[in-house]
Amino acid sequence: MQKKGVLYVVATPIGNLDDWSPRAVATLKAVSVVAAEDTRHSGRLLQHFNIPTRLVAVHDHNEAGRVQGLLDQLGRGDDIALISDAGTPLISDPGYRLVAAAQSAGLRVVPVPGACAAIAALSAAGLPSDRFIFEGFLPAKTAGRCERLRQLAGETRTLMFYEAPHRIVECLQDMLAVLGGERRIVLARELTKTFETVRQYSLTEMLAWVSADPDQQRGEIVLVLEGLPEAVGEQDWLEVDRVLGILLEELPVKQAAALAAGITGLKKNALYERALGLKG
Ligand code: SAM
């Protein structure tokens with residue numbers, strides 16, 4: 001039986017070409033064809049790295065039509081690399097349909113990892129990174145953007161957004177209107193490039209800073225936003241104490257704290273401390 005081809009999903013740099021890995025370059029040299037979002041743009045990258053491989057265009061507007069042809073080619077044993085204009089394909093970039101189809105067809109899909117603006121921003125943001133969500137681009141118009149932000153207002157995980165420079169002020173204004181001015185937010189702009197900027201402020205301070213400096217309204221931008229603090233308000237502690245009090249009548253502190261954690265969704269350790277206090 002003929003060996004099937006492999007689909008390599010290859011990340012490209014988001015600015016600094018030195019970030020490109022030798023493995024990524026070798027992969028693009030070795031495959032039969034490189035499927036790229038914009039062949040002119042990627043042609044320059046391939047030329048810079050002396051990669052002679054043929055490019056074919058696969059973008060949002062033709063991906064559906066191109067998928068079968070590429071699957072046929074993989075079926076005939078040709079290896080294919082998928083790249084996007086910058087960063088990791090499929091992350092706010094085309095490629096999902098091709099990768100999904102390749103998986104459904106039982107073909108091997110191999111990631112060749114590298115730059116991703118969201119992850120680079122998160123790594124330098126100094127906001128909680130143990131749990132986070134990626135929201136890509138918010139809707140472009142205020143009404144849609146505010147609606148999405150309202151849906152996200154109770155999210156306790158760190159949130160990441162991509163935003164266009166000409167919308168950054170409006171976006172921050174809407175965040176302030178929907179979420180209030182207290183939350184911390186990081187603007188990560190032009191990552192890995194000459195004018196790289198990573199700044200953390202409150203939403204109020206960030207809006208004032210970006211509005212006052214047109215340079216902050218240029219280039220490529222990731223926003224990393226603090227989630228809703230999980231802290232429990234005074235009012236809520238009354239209810240937590242009531243639950244703990246009932247449980248402590250029947251159970252030892254450790255068990256009462258564990259059960260109360262299940263009931264309230266709060267951390268077991270915090271409830272253990274609280275229960276000790278109540279007992280004392
Ligand atoms: N696939 C890419 C990735 O892995 O990050 C993202 C592609 S998306 C079409 C382009 C958006 O990513 C930009 O509008 C910007 O929000 C973000 N971005 C890309 N490069 C960036 C950079 N060097 N610095 C900051 N943000 C960047």
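In what follows, residues are counted from 1 in the order of the sequence shown. Quick note: numbers below take in every heavy atom, side chains included, and nothing from hydrogens, waters or symmetry partners. One-based numbering, in listed order, for ligands and for the atoms of each. Worth saying up front: this structure is predicted, and the values here are computed from it rather than measured.
Of all atoms in ligand 1, listed by their number and element, those nearer than 4.0 Å to a heavy atom of K193 are 23 (N). Heavy-atom proximity to G87, at under 4.0 Å, picks out these atoms of ligand 1: 3 (C), 4 (O). Close approach of ligand 1 to E163 is summarised as follows: ligand atoms under 4.0 Å from at least one heavy atom of the residue are 16 (O). Those atoms of ligand 1 with a heavy atom of V222 less than 4.0 angstrom away are 25 (C), 26 (N).
In this structure, R108 places its CZ atom where only 12 or fewer heavy-atom neighbours from other residues, nucleotides or ligands lie under 6.0 Å away. Remark: Q151 CD is packed, more than 12 non-hydrogen atoms of other residues, nucleotides or ligands lying under 6.0 Å away.
Residue E190 touches ligand 1 through its backbone alone, judged by heavy-atom distances below 4.0 Å. Of all the heavy atoms of L90, none lies under 4.0 Å from any atom of ligand 1, so neither backbone nor side chain is involved.
Polar contact with ligand 1: present for Y162 (N/O pair, distance under 3.5 Å). Considering backbone and side-chain N/O atoms, I91 comes within less than 3.5 Å of an N/O atom of ligand 1. In terms of polar-atom proximity, A188 is not counted as a contact of ligand 1, lacking any N or O under 3.5 Å from an N or O of the ligand. Among the atoms of L191, some N or O lies under 3.5 angstrom from an N or O of ligand 1. Taking distance alone, with nitrogen or oxygen atoms compared against 3.5 Å, D93 approaches ligand 1 more closely than that limit.
Residues V169 and L207 come closest through the heavy atom pair O-CD1, 3.9 Å. Between F132 and M160, the shortest heavy-atom contact is CD1-CE, 3.4 Å. The two residues R148 and L138 make their nearest non-hydrogen contact at CG-CD2, 3.6 Å. Between L248 and L278, the shortest heavy-atom distance links the atoms CD1-CB, 4.1 Å.
At a cut-off of 3.5 Å, with distance as the only test, no side-chain donor of N16 or T192 sits close to an acceptor on the other residue. A donor-acceptor contact under 3.5 angstrom links the side chains of R199 and Y201, judged on distance only.
Nearest protein neighbour of atom 14 (O) of ligand 1, counting heavy atoms only, is F137 CZ, 3.4 Å. The protein heavy-atom contact nearest to atom 25 (C) of ligand 1 is E220 O, 3.2 Å.
Residue contacts with ligand 1: I221 is included, with a non-hydrogen atom under 4.0 Å away. Assignment of F161 to the shell around ligand 1 is not supported, since no heavy atom sits closer than 4.0 Å.
Selection from S92, A11, A117, A86 by nearest heavy atom to atom 2 (C) of ligand 1 gives A86. Of the candidates T88, I14, T12, the one placing a heavy atom closest to atom 4 (O) of ligand 1 is T88.
Side-chain atoms of R131 and T158, non-hydrogen and from C-beta on, never get closer than 4.5 Å to each other.
Ring-centre distance between Y162 and F134: below the 6.0 Å cut-off.
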